Every structure is written in C-alpha cells, then in structure tokens.
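Bear in mind that the values here come from a model prediction, so they are computed numbers and not experimental data.
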Amino acid sequence: MSHPLGRRGALLFGAASVSACALPLREPAVPRGETARATVLGLPNERFMPAFGSGPINTEFEAAVRRRLAHLGAAPGVIIPPLDLIAVSGGGEDGAFGAGLLNGWSLEGTRPEFTLVTGVSTGALTAPFAFLGADYDAALKRVYTEVTFADIAIRRFLVAAFFNDALADSSPLYATISRELDTRMLARIAEGYRQGRLLLIGTTDLDAQIPVLWNIGAIAASGHPRGPETIHKILLASASIPGAFPPVLFDVTVDGQPHQELHVDGGAVHQAFLYPNSVTAVRRAYIAARRPVREVRAWLIRNGRIDADWATTDRRTLSIAQRAVTTMIAASGFNDANRIWLNAQRDQVEFRMAYIGRDFTTPLPAPFDQTYMRALYEYGFARARRGYDWSDRPPFNE
C-alpha cells in the first residue's frame, strides 16, 4: 500500500500536469527594437511611448492647442482661458475617494472643464468620467458605490491560478467597462477630442518594460470599427494588477506581420502622470524671455494616503514579499506626486493636490468591499462639497 503523502503528491502532480497542458498561450511578441513601430489600429497618434522619443506626443499636444483655439474662436497667439490639467492616480478600491471628490466638486460649483485628463489603474476607470464632466457624475458614483467584487473578478482555484496567468479572471471588469463606456459616452469623448482636449490612459508593456500612453480621444474620434473594443481593453489593461488580474493581449502589426503585446497595470511604472517634460519646453522658453504665458493649473487626485500604512509584518516569505510590494507602490506614488509638483514649479504652473487624510478611519475588510468604498466616496464627496482644501504641494514637502 502506498504512503498517503505519495498519493497526495501524485494527485497534485496530476493536477499540475493538466493545468500545464492548458497554459495560456500568446502570439509572438514584438521583436526587440521594433516596439516603437508596432501599431494596433494603424492610427499614427493612437498611443505614445516617451521612452522612444518625445516628438510624437509633442506633435499631438501642439495639434490639440490648435484645435482648442479653433473651438474657442481665438486667434493664434491670443492668451486663452486657463488650462486645467488633472491626473487621477491608481489605488484600487481607494478610487472611490476620487469619484466622491469629483462629484462633490461639481455640486460645489468650481470644477473646471479639463483640457487634459490622465489616468492610471483605478484612475483610468475614473478618467473618462472626469473628462466628460458633471453629466456623468451619476454614472461615476454608480461605478464606485454599487459594484461588488463579483463585478470585477472571479477567483480561480489556487492550483489553476498557479499555472495560469493570474489569481483571478477579470472578465467581469471588462463587461463592466464595456457597459459603462457605451457608444454614446465614446461619442462624447470623441467630441471632446475634436475640441482640443486630451484623455490619456497609461498601461505597461511587459515585454518592452515601458509605459504606454494611449490617446483615447483620438481612437474614439477615428471611427475605426475596432476602436470601442480597443478602448475597453486599454482601460482593462491599465487596471490589471500583475499577478492578481490577467494581462491584456493587444494584437499589433509590424510591417504587416502579426504580433501580440502583453499589457498590465500602468502602476507598474508610475501611479500618476500628467505631461512629459518636453511638452512645456516652449513655455519655459517664454518664461525665460519674460514673454506672457497662459495660466495653467495642474490638479492631482491621489487615491491613497500620504501617511504610512502601518501594519505588523509576519516573519514569513509571503508576508514579507507582500509588504515589500505595497511599500514599493506607496513609494512610487510619493515619487510621482513629487515629480508632478517639481515640474509644475519649474513651469510656473499652479499645483493642487488631494489625498485621503488621516481623518478617514474606516477599515478595509476585504478587496473592493462595498461598505468601505461607499464610506470613502462619501468622505471625498463631503470634503469637496464644502470646498476642498487643496494642498499646493505634496504634504511630505511641507
């Protein structure tokens, strides 16, 4: 008679073998050195990769300014109304804070129409609503107060997850994104783009290890038949936490040859971004020459805390690894906020930042807990409704 441990080992080996036979597959990756030439829809401005040069994104920002001037009926060289730029950070279920803040800000009455909106991770899910303004406040509230974990992911069995590409199946999140960003909403985003406003969403290309900034408005305005599906996949990819949610595959071509890219959460590179340094080169030259420049305001919603999230760490491999990862994510968020602020200081841009304060004490019992998210939404909403006390610098620089 065989030993019980031997039978258990054989069963596990058998399960592993079955799972191994069903390992997730992909088409060939984009060859080394060809990433910058890969295209999804064939649009010249569908996305930007600052790691390979700033020319394309500079061109897009310049074209947006021209469209904005035309929309406002202003002649070139005329100082137009202030430009409001906003970055919405990652933060998982803490995105409920930003959602509440935006909605409370609408009712308070001073929320501007943003010329540039950027989003990463949960911020990518918020960004389209921030771009479109108060007309979509009810939908934004619904996304962050009525969803449950079942609307986001399906847990996988541990053995299957080990041999698959993530601990959970994110198809419910894709369905939620597709339902909310419907044809009408995408048409509104396209109109905003034609008016000279930009909506950029960040993902991470795992093969190339670079950030990718997707031009959502341009894709929506292109009329490409695969445009809506691509936008839905971009938002899913930006929110796909590596290991927790599967990476998102994008079919691309290089010189007509098919390949696939693997994209995950934009937070793998940065928790928030606003504009590349090169975009404001002309502004800096004007400032140096003492020439007048238009007023620009940079807003940052950090869906997270600034104070350390203190917790006891068990002396166990997984506990230590998990704590190290959360520490790196927190440090990345601090660095991103500091970078945006320093760039604003350099460019004489007014900086304003919001974040979850120490006075919010509701505990998070489980990922995407509805009670927690509703409480955090109301916290952000109430603070903005009475006039949010925006910080003019990251608090750790005070």
Task: Donor-acceptor contact below 3.5 Å, side chain Thr326 vs main chain Arg323 - done: yes

Task: Heavy-atom check, side chain of Glu350 versus side chain of Glu295, under 4.5 Å - done: yes

Task: Asp151 vs Thr148, side chain to side chain donor-acceptor pair (under 3.5 Å): CA-CA, chis, key distance, verdict - done: CA-CA 5 Å; Asp151 297 305; Thr148 63; 3.3 Å; yes

Open item on the list: So that I know where these two stand, are Tyr144 and Tyr377 an aromatic pair - ring centroids less than 6.0 Å apart?
Closed with: no

Task: Spacing of Tyr275 atom OH and Leu116 atom CG [to the nearest 0.5 Å] - done: 10.0 Å

Open item on the list: What I'd like to find out is whether the side chain of Ser54 reaches to under 4.5 Å of the side chain of Pro276, using heavy atoms alone.
Closed with: no

- [ ] Could you check if a side-chain atom of Val296 sits within less than 4.5 angstrom of a side-chain atom of Asp347, using non-hydrogen atoms only?
- [x] no

Task: Geometric cation-pi criterion, Lys233 with Phe250: 6.0 Å, 45° - done: yes

Task: Note: Glu180-Arg142 ion pair, threshold 4.0 Å (strictly below) - done: yes

Open item on the list: Is it the case that the side chain of Lys141 and the backbone of Gly100 share a donor-acceptor pair, with hydrogens and angles ignored and the cut-off at 3.5 Å?
Closed with: no

Open item on the list: Distance check, rounded to the nearest 0.5 Å: Thr122 atom OG1 versus Gln271 atom CD?
Closed with: 11.0 Å

Task: Pair Asn215-Glu46, side chain to side chain donor-acceptor pair (under 3.5 Å): steps then yes or no - done: CA-CA 5 Å; Asn215 196 356; Glu46 64 191 16; over 6 Å; no

Open item on the list: Tell me whether Glu191 is salt-bridged to Arg194, with the criterion being a basic N under 4.0 Å from an acidic carboxylate O.
Closed with: yes

Task: Heavy atoms of other groups near Arg346 CZ, more than 12 under 6.0 Å - done: yes

Open item on the list: Quick one, Ser240 with Asp265, criterion side chain to side chain donor-acceptor pair (under 3.5 Å). Give me CA distance, side-chain angles, the key distance, then yes/no.
Closed with: CA-CA 5 Å; Ser240 293; Asp265 195 328; over 6 Å; no

Task: 4.5 Å side-chain heavy-atom contact, Leu140 and Leu102 - done: yes

Task: Pairing of Arg352 and Asp392 as salt bridge, 4.0 angstrom limit - done: no

Open item on the list: Under 4.0 Å between a side-chain nitrogen and a carboxylate oxygen: does that hold for Arg37 and Glu34?
Closed with: yes

Task: Check ion pair Asp135-Arg188 (N to O, under 4.0 angstrom) - done: yes

Task: Min side-chain heavy-atom separation Leu198-Arg67 under 4.5 Å - done: yes

- [ ] May I ask you to decide whether Asp84 forms a salt bridge with Arg297, counting only side-chain N to carboxylate O separations under 4.0 Å?
- [x] yes

Task: Pair Trp105 + Phe114: ring centers closer than 6.0 Å - done: yes

TODO: Flag the pair His263 / Val212 as yes when at least one side-chain heavy-atom distance between them is below 4.5 Å, and no otherwise.
DONE: yes

Open item on the list: If the threshold is 4.0 Å, N to carboxylate O, is there a salt bridge linking Glu113 and Arg68?
Closed with: yes

Task: Side-chain heavy-atom pair Ile216, Leu200 within 4.5 angstrom cut-off - done: no

Task: Charged N-O contact under 4.0 Å between Arg383 and Glu378 - done: no

Open item on the list: Please report whether the ring centroid of Tyr355 lies less than 6.0 Å from that of Trp390.
Closed with: no

Open item on the list: Once you measure the plane-to-plane angle for Phe97 and Tyr379, does it fall in the parallel (<30°), tilted (30-60°) or perpendicular (>60°) bin?
Closed with: tilted

Open item on the list: Any heavy-atom pair between the side chains of Val349 and Arg283 that's under 4.5 Å?
Closed with: yes

TODO: Please report the shortest heavy-atom distance between Tyr372 and Glu93, naming the atom on each side.
DONE: CE2-CG, 3.9 Å

Open item on the list: Any carboxylate oxygen within less than 4.0 angstrom of a Lys/Arg side-chain nitrogen, looking at Arg26 and Asp207?
Closed with: yes

- [ ] I would like to know whether Arg111 and Asp137 meet salt bridge (Lys or Arg N to Asp or Glu O under 4.0 Å); could you show each step before the answer?
- [x] CA-CA 12 Å; Arg111 176 177 163 184; Asp137 280 358; 3.0 Å; yes

